[in-house]
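Heavy atoms only: backbone and side chains are in, while hydrogens, waters and symmetry mates are out.
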Amino acid sequence: MLANVSKPLVKLVDRYLPDPYIFVLMLSLMVLAAAVIIEGKTPLEAVNYWGDGFWSLLSFSMQMLLVLITGFMLASSPPVKKLLNYIAGFAKSASQAIILVTVVSLIASWINWGFGLVVGALFAKALACKVRVDYRLLVASAYSGFLVWHAGLAGSIPLTIATPGHFSESDIGIIATSDTIFAGFNLALLAILFVVMPLVNRLMLPEEQDSVYVDPSKFTDNEEQASENQASERPADKLENSRLLAWSIGGAGLMYLAYYFFANSGSLNLNVVNFLFLFLAIILHQTPRNFLNSLNEAIKGGAGIVIQFPFYAGIMAVMMQSGLAQSISEGFVSIASAESLPFFSFISAGIINIFVPSGGGQWAVQAPIMLPAAEALGADVARVAMAVAWGDAWTNLIQPFWALPVLAIAGLKARDIMGFCLVQLIITGIIISIGLSWF
């Protein structure tokens, strides 16, 4: 049934969805126009908001670029390739491949969103080499696991309000993760989605004549890496092919991580994930030359991140500085009750996320509106906060901003997967809405 539903949507998206770069340009113009028409700002004010915020995500952009590059290099190392191929070997059919990649991606994203994005895409490529399956749906299934990140161990909103000194502490105090991430309603939603998402993706599997397959040879190395034992008279060549050099610096990196986790009780975050991937890649490639060969391949997919993320930073600045994001939130709050506020918080967060694709940034915009409303209406503050978190994660399914690393690793375009993601969006939106309102 879902295959018949997804088929026209896939064709529609394939025909009309532009490249993510075109999408972000159109989104920029829409937000600038809305700031002028809806919020009454002058064109000069709107453009100033946009320009002032354009470079505000440079640090985050570099982090995301490193997610792509370090993840690719780690996966291209011989030991990891063997491991991914081994796990992929458990899938004996297209249906099993879809289910397996969805479950793996859900688990990885619940642990850490950056980890989940990379692992899902890399595992999809490994499966495509083992099983004849529609590659578009395989990658869309890998990306669908990203839905649960904000309800997991690295969820920025629940972790923020559980941290002493957060900006809303004077209003709501400290809300422990036992009331958010590990609350009954949140765990129930996760359990349902862990069952429903693999089934939904499986049911979207196209018929043979409608499927798009990938040639496994596409994922093989184009060139053989230089031999580590290559004889050379040049000292520089010997250094480039030195296992000792790679293992020494790699060992130092892992030693730091061991101290960070065990002595300092450090938590998993994006910088730590990138650090771990980087130094594991250094060790597993065995020599600096092999590592650099992998880096040259990895960097090719980063163009979208480099050029598009500044535009999203500008969009976020306009949304926040002009009052557009606040107006959207206030509009939903004005028609809410104590019982319905989580639902409207979820919907408003989903809409704002299209323009402000950052959990932390979105919370900074919505918290000053949603939290006083929750207290005034007598609503459950923790549930409202998680509703915003779920809304932020929900529309990531159709937000090219977050799909860029996955698409770069997989070698696809946004239009290849967004038709399937639209079906996922509709079904999961209904489930999450019911869960936030009734569980």
Task: Any pair counted as side chain to side chain donor-acceptor pair (under 3.5 Å), so long as it reaches residues 183-206, sequence neighbours left out - done: Ser95-Arg202, Thr102-Asn201, Ser144-Asn201, Asn186-Trp390, Asn201-Gln424
TODO: Measure the spacing between CD1 of Ile282 and CZ of Phe277 and express it to the nearest 0.5 Å.
DONE: 14.0 Å
TODO: Identify, with sequence neighbours excluded, every residue that meets side-chain hydrogen bond (donor to acceptor under 3.5 Å, both in side chains) alongside Tyr213.
DONE: Glu208
Task: Non-neighbouring partners of Trp394 that pass ring-ring contact (aromatic ring centres under 6.0 Å, His included), sequence neighbours left out - done: Phe346
Open item on the list: Once rounded to the nearest 0.5 Å, what's the spacing between atom CZ of Arg383 and atom OG of Ser437?
Closed with: 8.0 Å
Open item on the list: Is it the case that the side chain of Ser6 and the backbone of Leu2 share a donor-acceptor pair, with hydrogens and angles ignored and the cut-off at 3.5 Å?
Closed with: yes
TODO: Hey, could you give me the CG/CG distance between Leu127 and Leu122, rounded to the nearest 0.5 Å?
DONE: 11.5 Å
- [ ] Using the ring of Phe420 (Phe, Tyr or Trp, six-membered ring only), decide whether Arg136 places NZ or CZ under 6.0 Å from its centre and within 45 degrees of its axis.
- [x] no
Mind listing the side-chain donor-acceptor pairs of residues 302-322 below 3.5 Å, one per line with the distance, residues two or more places apart or on another chain?
residue : atom : partner : partner atom : Å
Tyr312  : OH   : Gln399  : OE1          : 3.0
Ser322  : OG   : Val318  : O            : 2.5
Ser322  : OG   : Leu324  : N            : 3.4

Task: Any donor-acceptor N/O pair, Ser337 side chain to Ser340 backbone, under 3.5 Å - done: yes
TODO: Would you confirm whether Ser109, through its side chain, and Leu106, through its main-chain N or O, come within 3.5 Å as a donor-acceptor pair?
DONE: no
- [ ] Return the orientation label for the Phe90 and Tyr86 ring planes: parallel under 30°, perpendicular over 60°, tilted otherwise.
- [x] perpendicular
- [ ] Sequence neighbours left out, what passes side-chain hydrogen bond (donor to acceptor under 3.5 Å, both in side chains) with Asn48? Give chain and number order.
- [x] none
Open item on the list: Looking at Leu66, is its backbone amide N or carbonyl O close enough to the side chain of Thr70 to form a donor-acceptor pair, meaning the two atoms are under 3.5 Å apart?
Closed with: yes
Task: Atom pair CD/CZ of Gln366 and Phe332 - distance to nearest 0.5 Å - done: 10.0 Å
Donor-acceptor pairs under 3.5 Å, side chain of residues 30-41 to any protein atom, not counting sequence neighbours: which ones?
residue : atom : partner : partner atom : Å
Glu39   : OE2  : Ser327  : OG           : 2.6

TODO: Return yes if some donor-acceptor pair links the side-chain N/O of Asn290 with the main-chain N/O of His285 below 3.5 Å, else return no.
DONE: yes
Open item on the list: If we check side-chain contact (heavy atoms from CB on, under 4.5 Å) with Thr177, which of these qualifies: Ile175, Asp179, Ile181?
Closed with: Ile181
Task: Distance (rounded to the nearest 0.5 Å) between Asn274 CG and Leu74 CG - done: 11.0 Å
TODO: Decide yes or no on side-chain contact (heavy atoms from CB on, under 4.5 Å) for Lys92 and Val131, but give the supporting numbers first.
DONE: CA-CA 7 Å; Lys92 304 301 182 184; Val131 179; over 6 Å; no
- [ ] Would you check if the side chain of Ser348 reaches a backbone N or O of Ser329 as a donor-acceptor pair within less than 3.5 Å?
- [x] no
- [ ] Supply the atom-to-atom distance Leu412 CG to Leu407 CG, rounded to the nearest 0.5 angstrom.
- [x] 6.5 Å
- [ ] Would you check if there is a donor-acceptor pair between the side chains of Gln63 and Asn271 at a distance under 3.5 Å?
- [x] yes
Open item on the list: Can you confirm whether more than 12 heavy atoms, excluding those of Phe439, are under 6.0 Å from its CZ atom?
Closed with: yes
Open item on the list: Would you say that Phe185 contacts Trp438 through its side chain, given a criterion of any heavy-atom pair below 4.5 Å between the two side chains?
Closed with: no
Task: N/O donor-acceptor pair under 3.5 Å between Lys130 side chain and Ala91 backbone - done: no
Task: Side-chain (Tyr256) to main-chain (Gly251) donor-acceptor, under 3.5 angstrom - done: no
